[in-house]
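The following block contains the structure, expressed as structure tokens.
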Number of protein chains: 2
Amino acid sequence: MKYTEKLRNSGLRPTKQRLQICEVLFETEKTFHFTINELSLKIKKQIDNKISLATIYNTVHAFEKKGYLKQIPINSNETYFDTNVSDHHHFYDLKKEKLIDLENADVGPIDIKRKIDGKKIKSVEILVKLED
Amino acid sequence: MKYTEKLRNSGLRPTKQRLQICEVLFETEKTFHFTINELSLKIKKQIDNKISLATIYNTVHAFEKKGYLKQIPINSNETYFDTNVSDHHHFYDLKKEKLIDLENADVGPIDIKRKIDGKKIKSVEILVKLED
DNA sequence: ACACTTTTTTAGAATCATTATAAACTACTT
DNA sequence: AAGTAGTTTATAATGATTCTAAAAAAGTGT
């Protein structure tokens with residue numbers, strides 16, 4: 001299996017559950033955004049056996065820590081994740097509660113002029129809220 | 001009282017609780033960031049009578065709706081608010097878990113080139129994560 | 001001031017995402 | 001095969017937020 005190595009290299013044991021979650025997350029043409037609840041439903045549809053909710057939480061957090069997933073900073077009662085870990089930004093449709101990727105080319109260059117002593121910039125994330 | 005009119009003009013009755021919360025929120029030299037829990041403690045310290053938690057939630061949401069407060073998009077289990085409602089962005093010091101205001105002048109102009117049909121931009125918020 | 005309507009406050013309960021627990025299970029090592 | 005360290009699991013616990021419905025306060029008209 002193609003994800004076995006990837007997991008081993010990260011220090012994560014390639015368990016059946018993790019490999020199956022990899023399939024659901026990364027075996028897609030396009031990247032996508034999800035909440036744990038949405039992912040849980042997706043897994044139920046695509047996988048025969050049951051994966052417990054706790055395992056889904058554990059796995060998503062483990063993957064996020066390893067850089068295979070990104071958390072999207074957004075004010076919502078649910079945490080949003082993104083399988084697109086490249087540098088990019090988001091629209092957030094407030095009505096539909098849906099995220100839309102903004103390709104890097106869709107946003108002019110960002111120039112952060114201020115510096116904080118002893119700190120370096122890890123990421124710059126833009127959230128563009130949309131209303132009707 | 002100086003906030004009475006402000007509230008009336010927004011269609012909010014200037015109740016004792018709302019006026020007191022105005023004092024705590026806006027009667028400060030500098031603007032600040034807070035969670036509901038932090039605000040609740042600040043109120044307990046500064047105000048003699050008790051204001052119920054439900055009222056604090058109600059009031060903060062009412063003020064946010066009227067534009068007197070801003071929610072800050074950030075991944076945390078608690079919602080962060082800002083008394084600085086001017087157009088500005090934030091640094092987030094990952095180590096200290098602290099927000100720092102970025103004045104608008106600290107960030108070059110943001111150009112969102114992509115448009116979504118039937119939607120208009122409500123806000124553009126940048127979160128710059130800082131590491132050591 | 002009084003009566004009446006509407007809004008607001010409140011304590012407590014309910015909700016819901018997330019995390020903790022601890023026992024059973026699985027993967028890895030020797 | 002045995003040992004151990006990591007993982008999964010159901011379930012309970014946590015904790016922020018929202019809901020409820022009754023009491024209180026504010027606004028309005030007389």
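Throughout, a chain's letter reflects where its sequence line sits, starting with A, and its residues are numbered from 1. Everything numeric in this text was worked out from a predicted model, so none of it was measured.
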Between which nucleotides of DNA chain C, 5' to 3', does chain A make heavy-atom contacts below 4.0 Å? dA17(C) to dC28(C)

The reported gap from NE2 in His33(B) to CG in Asp101(B) (rounded to nearest 0.5 angstrom) is 3.5 Å

How far does NZ of Lys66(A) sit from CG of Asn9(A), to the nearest 0.5 angstrom? 10.5 Å

Measure from NZ or CZ of Lys42(B) to the centre of the six-membered ring of Phe32(B) and say whether it is under 6.0 Å with the direction within 45° of the ring axis. yes

Would Lys6(A) pass as a cation-pi partner of Phe26(A), given that its NZ or CZ must be under 6.0 Å from the six-membered ring centre and within 45 degrees of the axis? yes

Could you run down nucleotides 14-30 of chain D 5' to 3' and tag each one B, S or - for protein heavy-atom contact under 4.0 Å? --SBBB------BS---

Donor-acceptor under 3.5 Å (Thr28(A) side chain, Thr31(A) main chain): no

Going by distance alone, is a donor N or O of one side chain under 3.5 Å from an acceptor N or O of the other, for His88(A) and Asp106(A)? no

If you measure from OG on Ser123(B) to NZ on Lys70(B), what distance do you get to the nearest 0.5 Å? 7.5 Å

